[in-house]
Every structure is written in structure tokens, then in C-alpha cells.
*Asks:* 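The structure under discussion is supplied below as C-alpha cells; questions concerning it will follow.
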There are 2 protein chains.
Amino acid sequence: MGKLSREAIVEAAVRRIDAEGLDGLSMRRVGKDLGVEAMSLYRYVPNKTALLDAIHASVLEEVQIPAPTHDWKSDARRLATSLLDTLLKHPGAMELFPTRPAYTEGSLDRLEASLAILERAGMPEPLRLAAMQSLYLFVVGHALFETHASKVGDDLDYRSLPAGRYPNLRKASVPAARQSFRHGLDVWVRGVEASAPQEEPQSLTSRLRSLRRR
Amino acid sequence: MGKLSREAIVEAAVRRIDAEGLDGLSMRRVGKDLGVEAMSLYRYVPNKTALLDAIHASVLEEVQIPAPTHDWKSDARRLATSLLDTLLKHPGAMELFPTRPAYTEGSLDRLEASLAILERAGMPEPLRLAAMQSLYLFVVGHALFETHASKVGDDLDYRSLPAGRYPNLRKASVPAARQSFRHGLDVWVRGVEASAPQEEPQSLTSRLRSLRRR
DNA sequence: ACCAAAGACTTACACTGTAACCATGGACTT
DNA sequence: AAGTCCATGGTTACAGTGTAAGTCTTTGGT
């Protein structure tokens with residue numbers, strides 16, 4: 001029965017959320033998990049919203065930042081996949097991601113690493129933040145979609161739709177979730193590539209120079 | 001005092017959500033708005049989750065499908081903007097979008113229209129659904145971000161960060177929300193463009209042919 | 001030994017979703 | 001006209017929620 005602390009509370013809350021989803025999280029339950037009354041938590045957390053914010057930050061900090069290589073495309077892909085992986089590890093907590101902007105230290109670190117990737121990609125400055133945000137939103141959205149689609153039994157079969165009304169949908173192929181994720185990434189990577197001014201890849205020396213600059 | 005009905009309930013619920021956000025929506029309040037006890041709603045709606053689903057569907061059906069033109073890029077942009085517009089009109093309801101997969105008729109119609117756009121773009125089949133989903137997720141995510149970022153007073157100023165740790169963030173330019181949306185769209189459009197096999201645009205006659213095919 | 005403060009507990013309030021049951025009025029059958 | 005049914009809405013009740021306010025209890029410093 002270790003001492004109560006903000007971290008211990010957040011930790012317990014994440015466990016509860018992992019086990020029973022966001023709805024299973026109540027102050028009373030978290031308290032019980034820690035062998036303590038609900039109101040005792042309020043000594044360390046001003047209210048439930050703040051606790052949710054802390055959970056969000058905590059999960060975000062689990063995301064591994066892959067070490068930069070010479071290949072910005074693979075760096076971007078690995079960062080995105082890393083984010084996807086931790087999100088899928090916390091199906092309940094990831095519902096917090098779309099609505100909470102993150103200004104914690106951990107999230108700034110990750111944003112910084114993302115922008116560095118885009119710099120190496122040769123993307124001009126006024127676009128970088130927007131491009132990164134679109135990637136982030138895609139990953140989070142996909143993670144949500146992947147976990148919620150599997151709840152509906154299995155996907156609706158588009159082939160059983162009336163052909164007259166839905167010609168394109170009927171012949172659409174529904175890729176497996178992971179593949180659909182990869183395809184989405186492909187579109188993004190190609191989009192970034194096409195937004196970089198120079199068509200040819202950066203020279204090796206300039207690549208190394210930007211890597212050395214931390 | 002019109003008769004109670006499922007539609008009237010959904011309508012009232014949407015109004016409440018628009019006025020006071022998702023948290024302001026309770027069965028009792030919706031009942032009161034309709035001059036009725038909370039339990040009476042359960043004659044038309046099995047439970048609150050179903051009501052939320054209905055709200056989701058209702059808002060989604062407000063999205064205008066722009067008439068297709070000869071220019072798939074502008075079609076895609078207009079569809080995305082149309083979705084963004086209705087989402088921003090319902091700041092509370094849009095929180096429902098990330099977690100609810102939509103299999104209603106109205107949502108299938110919109111998906112069908114989207115796929116038709118990608119067909120005109122010359123995108124090969126196995127990628128279309130994934131590409132469209134990535135666009136959809138981007139728009140929804142952006143709408144959420146736009147409404148929630150404005151809640152935090154004004155954005156954090158990246159220029160006040162320690163320069164040693166966040167070199168890229170410090171020199172990042174934070175575009176206005178709308179511009180950031182347009183930039184994200186640009187990346188997507190270029191990505192789709194680069195994913196289509198033929199580099200040159202479709203011939204005029206083949207464009208018209210695919211348009212005629214409904 | 002005393003005091004102060006910190007940490008946890010107790011009680012209480014207004015509110016939530018919804019299960020189970022009850023009342024009523026109008027339509028339909030006979 | 002009488003009787004039946006049932007759709008529609010009301011009532012009560014229960015378990016659970018976040019959290020404000022106040023109270024005990026333990027602990028560390030002097």
C-alpha cells in the first residue's frame with residue numbers, strides 16, 4: 001500500500017480505463033483501486049477533467065520517438081506507427097485524444113521531433129505544422145476507427161448494397177485495418193513529397209548536416 | 001406542442017447540444033424542452049446511446065454533397081469544406097464523430113459520392129477507401145481541434161519556448177485555423193494525385209464518360 | 001510536549017440513466 | 001352502446017456520478 005500521489009492516481013486511472021473503458025472510470029472506483037475514498041483523490045487532482053488531462057498526457061508520453069535516420073519517409077512512418085501502437089494499447093484512453101490539445105512537455109517533444117522530420121524532407125516552413133497535424137489527426141482517427149469498427153461485429157458488407165445507388169461502394173475493396181492505415185500513410189507521404197520544392201532528393205552532405213544539428 | 005416523435009426528440013437533442021455542449025444533454029433536459037418527462041422519451045428511443053447515434057446521423061445528413069464538376073480536386077475540396085462547415089455548426093455534436101462508425105443511409109450516400117470523386121481522379125481501386133477515410137478523419141480531427149484550441153484562450157506561443165530544446169518548434173509558423181485546414185487539404189490532394197497511375201490528366205471525353213455513368 | 005499542517009474520511013447535495021409499474025384516452029370490435 | 005385493448009405519457013425508485021464542506025487522525029518540527 002504505497003503512499004498516495006498524483007502519479008499513483010494517474011497510473012491507477014489508466015489501468016481502470018484500459019480494463020473497463022472510459023465509462024468505467026469514476027473517482028470512486030479509482031479510489032477503491034487505491035484503497036482510499038474518492039474524496040481523498042481531490043488532494044492531488046483538482047477535478048476529474050484534470051485527471052483526464054493527466055491520463056492523456058501520460059499515455060502520450062508512452063509514444064516512442066524513433067531515432068532519426070537518413071530516410072525521412074521511414075522516420076515519419078515509424079513515428080506514426082509508434083503512435084498508433086500506443087493508442088491501440090489504450091483503447092479507452094484514446095478517446096481523449098481528439099478533444100484535448102496537448103501543451104505538455106512530453107507532447108512538445110514529440111511535435112519537435114515531427115517537425116525535424118519534415119525539415120529533413122525539405123518541406124517549406126509555412127506548411128510543416130499543418131502537415132504534421134494532418135498526420136497526427138489521421139493516426140488518432142484511424143486508431144479510433146480500428147477499435148470501434150471491431151466492436152460492430154464485423155464490417156458491413158458493401159457488396160450487399162443496391163447496385164444502382166452505390167456503384168462505387170459496391171466495387172470498393174475494403175482493406176484490412178492495418179493495410180488501410182498503410183495506404184493512408186502512403187497518401188500522406190506522397191503529399192508531403194509533392195509539397196517539397198526540390199524534386200530530387202537532398203544531397204547526402206546536406207542530409208548529414210541537418211542530422212548533426214541535433 | 002406537437003406530438004412526441006423520434007424526430008422531434010432528436011431535433012430537440014441537437015438543439016440542446018448546440019446550446020450547452022455534450023455535457024448539457026440529459027434525458028431529463030430533453031424531456032423538459034419538449035414538455036414531457038424523461039421516461040417518456042424511452043418510448044421512441046431505446047437508450048441514450050441510441051439517441052446519440054441518431055444525433056450523429058442527423059448532423060451527418062446536413063452535410064451538402066456538392067454537384068460533381070470536371071475538376072475532381074475542387075470537388076474533393078468542396079466536399080471536405082462542406083463537412084467542416086456543418087461540423088463547426090454543431091461543436092458539441094461533432095465530438096460524437098470520431099467514435100461512431102456510420103452505417104446509415106445518409107452516410108453511405110456521402111461515402112459513395114466521395115468514392116466517385118476518387119474514381120474521377122484516376123486513383124486505383126484498392127486505395128480509394130483508405131484515401132477517403134484519411135480525408136474524412138482529417139476533416140473531423142481538424143474541426144475538433146479548431147473548436148477546442150479556441151477554448152484554451154489563445155494558442156500557446158511557441159516562440160517563448162527554450163530554443164535549445166525546441167529549435168524547429170520555435171521557428172514554426174502557426175497558421176490560422178482555416179489556412180492550416182487548407183494546407184492539410186493540399187497535402188492530401190497532392191498525395192492522391194501522386195497515387196494515381198497516369199501522370200497526365202484524364203482526357204476530356206473519358207472524364208465526361210465517367211460523369212455520365214451517374 | 002505541543003502545535004500546526006497535511007492527509008484521509010464522512011456526510012451531503014444535486015444530478016444522471018433507466019427499470020418497473022401505473023393512468024388515461026381514444027380507436028376498434030362486437 | 002359497451003367493452004376491450006393498447007399506445008402514449010407519468011410516477012416512483014434505485015444505484016451511481018462529481019464534488020463542496022466539514023471533521024478526524026497522523027505526522028513532523030520546534
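Convention: sequence-line order gives letters A, B, ...; per-chain numbering from 1. No experiment lies behind these values; they were computed from the predicted model shown.
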*Asks:* Given atom OH of Tyr42(A) and atom P of dT17(D), what is their separation to the nearest angstrom?
*Replies:* 11 Å

*Asks:* Excluding sequence neighbours, so at least two apart, what forms side chain to side chain contact (heavy atoms under 4.5 Å, CB included) with Ala13(A)?
*Replies:* Leu25(A), Val30(A), Leu51(A), Ile55(A)

*Asks:* Looking only at atom types and distance, does a side-chain atom of Ser82(A) sit under 3.5 Å from a main-chain N or O of Arg78(A), one as donor and one as acceptor?
*Replies:* no

*Asks:* Identify each atom pair where a protein N or O and an N or O of nucleotides 4-10 of chain D are less than 3.5 Å apart, giving names and distance.
*Replies:*
unit_1, atom_1, unit_2, atom_2, d
dG9(D), OP2, Tyr44(B), OH, 2.4
dG9(D), N7, Arg43(B), NE, 3.3
dG9(D), O6, Arg43(B), NH2, 2.7
dG10(D), OP2, Glu37(B), N, 2.9
dG10(D), OP2, Ser40(B), OG, 2.7

*Asks:* To the nearest angstrom, how far is Leu52(A) atom CG from dT17(D) atom P?
*Replies:* 14 Å

*Asks:* Starting at atom NZ of Lys48(A), determine the distance to atom P of dT17(D), rounded to an integer number of angstrom.
*Replies:* 8 Å

*Asks:* Can you establish whether the number of heavy atoms outside Glu7(A) located under 6.0 Å from its atom CD is more than 12?
*Replies:* no

*Asks:* Grab the CG-C1' distance between Leu41(A) and dT17(D) for me, whole Å please.
*Replies:* 14 Å

*Asks:* Residues from residues 10-30 of chain B sitting under 4.0 Å of DNA chain C, heavy atoms only?
*Replies:* Leu25(B), Ser26(B), Met27(B), Arg28(B)

*Asks:* With distance as the sole test, does Thr81(B) use its side chain to make a donor-acceptor pair with the main-chain N or O of Arg77(B) at under 3.5 Å?
*Replies:* yes

*Asks:* Please name the residue in the list Phe181(B), Tyr136(B), Trp188(B), Phe97(B) that meets the ring pair (Phe, Tyr, Trp, His ring centres under 6.0 Å) test with His142(B).
*Replies:* Phe181(B)

*Asks:* Do Glu119(A) and Lys171(B) come within less than 4.5 Å of each other through their side chains, counting heavy atoms only?
*Replies:* yes

*Asks:* Rounded to whole Å, how long is the line connecting atom NZ of Lys32(B) with atom C1' of dT11(D)?
*Replies:* 16 Å

